[in-house]
Structure formats: structure tokens, C-alpha cells
There are 2 protein chains.
Amino acid sequence: MTSDSPHIQSVFDRDLERIQALLMRMGGLVEAAMSDAARALDQRDEELAQKVRAADAEVDALEHQINQECARIIALRGPNATDLRTVLSVLKVAGSLERMGDYTKNVAKRVTVLAGMPPVGNAAGTLRRMMRTAELMLKDALDAYIRRDAEMAAHVRLQDEEVDQIYNTLFRAFLTHMMEDPRSITPFMHLHFVAKNIERMGDHATNIAEQVIYLATGELPAEPRPKADTTSLTSADG
Amino acid sequence: MTSDSPHIQSVFDRDLERIQALLMRMGGLVEAAMSDAARALDQRDEELAQKVRAADAEVDALEHQINQECARIIALRGPNATDLRTVLSVLKVAGSLERMGDYTKNVAKRVTVLAGMPPVGNAAGTLRRMMRTAELMLKDALDAYIRRDAEMAAHVRLQDEEVDQIYNTLFRAFLTHMMEDPRSITPFMHLHFVAKNIERMGDHATNIAEQVIYLATGELPAEPRPKADTTSLTSADG
């Protein structure tokens, strides 16, 4: 770990510290946006949703800055294989964070639409819990990244099963509601978009965790990660 | 352009040619899978869908190989800023192709589910046309990439509007069908997944085109690309 090296820091280490700091700021913004989007959904708070949508520009700008910095570091420092692996992992993690930011913005957009419709069902609480789990996964994945803690990262991968589980349950519940009351189809389609977006956020938090495992061990996890959206198995009505 | 440099090729050029060849092979596999998945959907051909699902492993393996090769090239050759930009663009394009492969696999999964249900509506033809457009976008984006042709890449970005348009139309049509016949909700949810996956493939083909513009001009496109999924504006029932 960079900051533990006894007193002598290379120029590369300082560069790396700086881009990792940018990455952590980016992660913090995404975490905050996820939490705000879930609250906006739960409380039908359109103003907060609007704030979440606007905030994504800063996340995108940070990714752009990180990409530039990484390219600069590689070009100027000519890092060795291990250091290069670290820089490339920063690029991957920034890419995952950017997409999590996009999914969060998409959730906020649906809040605005849903605010214009009569409330249906009681999914908002479940969605908020689902988002909370994804948010914790992100937090843990970023902590694991900074500490290069493969064990903690492995735990994040397991948590993704919980998010997938909630998604699959909601998918079935939404279908049932839609069939019972066809007037509720449109709002439930939008709630389903929200659920699917959160499910994808969990996937990207898992991708970050897998980068940690790669950095810490030199190998990507061998066994495929516990899978995922099983709604493609839902052929029955309900 | 590498292959046009008069007779003398650097070691870096040869390396780059090799990874670009891998990238094109990866692109070819994804194109073929997209076409097969659309045909499988249209003809309810479960065996073909199974083939598409199995083929994605090769796409994933190629991305892994490309990642490794790029890291090796950067570490061994210490490319200058321009060459480095090229290598990093290969990583981005490979990432987009990998995700397009995933979306194609997801479409194939839905074919298997839909094959177990009575056919609904007449969307398969439209979905096939939508996939065909996304496939052509990918083909053009990859051609533009090899030629560093920013104009061709700009055209790909415009084509994405067509894909988005088809998606938005289908989304409204699906909602209408579902409301008219609640027994059709489950199959239409799956058809909607298919449409959304194709819409995302268009986005990734556009990402590849944007990498071309970046490589050719040094700048990412200034104006935001013509947007996209407008279903978050669908609050009316229809």
C-alpha cells in the first residue's frame, strides 16, 4: 500500500495518490446521489430528483479528468507492470462509477414521471432498501479498493446476491400487480426500470470488487459470480 | 494510419496491428451474434438462441486477451502520448464490445423464455429491424475505427436516433397491448427487455464511434449526442 511505504515516496506514488483521491471523490458523489435518488423516490420529492439529475455532470467530469490523468501518468512515468496494473484498475473503477452515476440519474428521471401519477403498490420502501444495499456494496468496494482487501471485496460479491434476490422478487410482484389492475401498468413499468437500474448498480459495485481482487491477488475470481437476474426464467404468470 | 506508414514499421506498430486485429475479430463475433439473436427471436428458434448464449464466452475471452496485450504493450514499449491514446481507445472499444455481447446474450435468453409462451403481437419483425440497425451501426463504427474516419463515426451517432425512435415507439405499443390484454403482460415484459437491450447496444456502438472521433480529432464530440430513451416522459397511457 502506497501510503505505508516508509517515508520515501516516488513521483509515481504521489501521482497515484492523487488519482485515487479523485476516484474516491467520484465514488462519494455517486454514493450520495444513490441515497438522494432513493429518498426522492420514497418521498415523491421531485426537487430532490432534479438535484440528483443535475449532479451527474460532476461525476462525468471527474471520470474525464481521471482518464486524462491516467493517460498522462502512463505517458510521463512509464510505470512498471505492477504500477501499470494499478493505473488501469483506476480507469476500470472510474468507468464503473460513471455508469453507476448514469443509472442513478435514470432512477431520478423516473421519480419525476412517477410523481405525476397516482401512487401504486408499496414498492418504494423495498426499492429504497435495495438501493441502500447497493450503496453499501459501493462503499465497501471502495474501502476494499483503498486497502487492497480481497476478503472484503469477496464479501461485496456475495452481497450482490441479495440485490438480485430483491430484484427478482419485485419483478414477480410487479407482474402480478399489473395483471390485477391494468391501469397500473404504466407506473409499474417505471418502477420496474428503477429496480432494474439498481440491480445494474449492484453489478457495477461487484465489478469494482473484482478489480480489487485482481489487484490484490493478480487473478480475477475464478468461479463466476453468483448469478443475477433470473427473470428470464419467469415464464409463469406471477 | 499505421498501415500507411511507408515500409518502415516500428515494433509498436506491429503490436498495435495485432491488438486491432483481435479487436476486429471480437467485433465480428458480436455482429454475428446480434444477427443470430434477432433471427432466433423472429423465428422462435431456441437452438439458435442457445448457440448465441454459448458464443459469448469467446467474446469475453477475447476482451480478456486484449486487456492483457494492451497492458503488456504499454509496459514494454512505453508508448508516446499519441500511441498511448490509441492503446487506451482499444481498451474502451473492447469494453463496449464486451457489453454488446452481454446484451446480445440477454436477448437470446429471452428468446428461450418467449419460445415457451404463445406468440403475442407482431413486434418480432420490428425488433429484428431494430437489431439490424444496431448491427450496421457497429459495423460502421468498427470500419470508422480502422480508418480513423471521424465523418463516418459522426454518421453512426446519428443512426442511434433511429434505434432510439424505434425503441420509444415499441415501448408505447407494448404498454397499449398490455393494457388491452393483461394475459399478455408477461410476454410483453420480456419483449420489452429485448427492445431495451438493443437500445443499449446502439448506445455502445455510439460509444465506439465517439472513440473514433476522439482518436481522429483529439476531442470528444462537443454537443451531447442526440438523446435517447424518452420513455421516462411517458406518463400518459399509450
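To find a chain, count down the sequence lines: A is the first, B the second, and so on, and within it residues start at 1. Side chains included, hydrogens not; waters and symmetry mates left out as well; all remaining heavy atoms used.
Atom CD1 of B/I185 and atom CD of A/E180 lie 10.0 Å apart (nearest 0.5 Å). Interatomic distance, B/R85 CZ to A/Q68 CD, rounded to the nearest 0.5 Å: 9.5 Å. A/L84 contributes atom CG, which lies 10.0 Å from atom CG of B/L76 (distance to the nearest 0.5 angstrom).
In terms of heavy-atom proximity, A/L88 sits nearest to B/A71 at CD1-CB, 3.7 Å. Of all heavy-atom pairs spanning B/A75 and A/A81, the tightest one is CB-CA, 4.5 Å.
At a 4.5 Å heavy-atom cutoff, the contact between B/N67 and chain A is made by side-chain atoms alone. With a threshold of 4.5 angstrom between heavy atoms, B/L114 does not approach chain A through any atom at all.
Ranked by non-hydrogen atom pairs under 4.5 Å with chain A, the options B/I74, B/D83, B/N80 are led by B/I74.
Under the 4.5 Å side-chain criterion, counting only non-hydrogen atoms from C-beta, B/M189 is not in contact with A/F174.
Of the candidates B/M178, B/M179, B/R172, B/M179 is the only one forming a side-chain contact (heavy atoms from CB on, under 4.5 Å) with A/T186.
Ring geometry for A/F193 versus B/F171: interplanar angle of 30 to 60°, hence tilted.
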